[in-house]
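Here's the structure we're looking at; comments come further down.
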Amino acid sequence: METRVSARFGGLKVFVDKYITNVLWGKDGITIRQLSAQTSLANTTLTSMLDRMEASGLIRREPSPKDRRALLIRLTDKARSLQADYDRISQQMNERYYEGFTEAEVREFEAYLERVLSNLEGEEKT
């Protein structure tokens with residue numbers, strides 16, 4: 001499956017790193033704690049992913065001017081330059097996923113997915 005998706009969408013693989021990047025495109029310069037809350041990934045999981053992303057030149061860590069114990073996660077110019085491709089490929093994938101669905105069916109399906117996510121988030125809190 002991954003090979004077919006990669007071939008169809010220009011070789012750009014959409015993994016968790018891209019999800020992290022997408023969150024940072026929305027709000028750059030946040031702490032790992034904030035990133036964890038927005039991605040639902042544990043700090044320990046994020047740390048290794050951020051290490052890999054930093055080694056790839058996608059993010060950098062900077063000291064927080066407000067809290068000297070905290071580091072802010074910031075995108076590099078390289079990561080910012082990928083946003084247009086990511087958006088284009090995401091749009092193509094959405095069109096493929098929802099091919100043959102009516103607008104009402106898409107809304108209903110997405111409402112079910114939101115309920116699933118809400119259930120999962122509720123389970124994490126217990």
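No hydrogens, no waters, no symmetry mates; every other heavy atom, side chains included, goes into these values.
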Checklist line | Pairwise distance OG(Ser40) to CG(Leu35) - rounded to 0.5 angstrom | finding: 10.5 Å
Next item on the list: Write down the atom of Met49, the atom of Leu41, and the distance for their closest heavy-atom approach.
Entry: SD-CD1, 4.1 Å
Next item on the list: Without swapping roles, check the side chain of Ser56 against the backbone of Leu58 for a donor-acceptor pair under 3.5 Å.
Entry: no
Notebook entry, point to check: Ignoring hydrogens and geometry, is there a side-chain-to-backbone donor-acceptor pair from Thr39 to Ile20 under 3.5 Å?
Noted result: no
Notebook entry, point to check: Pick one: which of Arg74, Lys78, Glu54, Arg52 meets side chain to side chain contact (heavy atoms under 4.5 Å, CB included) with Ile59?
Noted result: Glu54
Note to self: Using 0.5 Å steps for rounding, measure from the CZ atom of Arg33 to the CG atom of Leu46.
What the structure shows: 12.5 Å
Check: Would Tyr112 and Phe101 show up in the same hydrophobic cluster when neighbours are defined by side-chain heavy atoms closer than 4.5 Å?
Finding: no
Note to self: To check you understand the geometry: which heavy-atom pair defines the closest contact between Pro65 and Leu72, and what is its length?
What the structure shows: CD-CD1, 4.0 Å
Check: When rounded to the nearest 0.5 angstrom, what is the spacing between NZ in Lys27 and CD1 in Ile73?
Finding: 13.5 Å
Check: For the residue pair Leu82 and Trp25, what are the closest heavy atoms and their distance?
Finding: C-CZ2, 3.8 Å
Notebook entry, point to check: Is it the case that Gln91 and Glu95 place a side-chain donor and acceptor less than 3.5 Å from each other?
Noted result: yes
Note to self: Using only atom types and a distance under 3.5 Å, with no angle test, would you say the side chain of Ser36 pairs donor to acceptor with the backbone of Ile32?
What the structure shows: no
Checklist line | Nearest heavy atoms of Ala70 and Thr31, plus distance in Å | finding: CB-CG2, 4.2 Å
Checklist line | Minimal non-hydrogen separation, Ser48 against Thr45, with atom names | finding: OG-O, 3.0 Å
Check: Between atom CG of Leu50 and atom CG of Leu24, what is the distance when rounded to the nearest 0.5 Å?
Finding: 8.0 Å
Check: Is Arg107 paired with Glu110 through a side-chain N to carboxylate O contact shorter than 4.0 Å?
Finding: no
Margin query: Counting only heavy atoms from other residues, nucleotides and ligands, does the tally under 6.0 Å from OH of Tyr98 exceed 12?
Written below: yes
Next item on the list: Find the distance between CG (Asp28) and CZ (Arg80) and round it off to the nearest 0.5 Å.
Entry: 5.0 Å
Checklist line | Stepwise side-chain contact (heavy atoms from CB on, under 4.5 Å) test for Val116 and Leu120 | finding: CA-CA 6 Å; Val116 169; Leu120 294 173; 4.2 Å; yes
Notebook entry, point to check: How close do Thr21 and Ala79 get, heavy atom to heavy atom, and via which atoms?
Noted result: CG2-CB, 4.4 Å
Next item on the list: Decide if atom CZ of Arg61 counts as having more than 12 heavy atoms of other residues, nucleotides or ligands within a radius under 6.0 Å.
Entry: yes
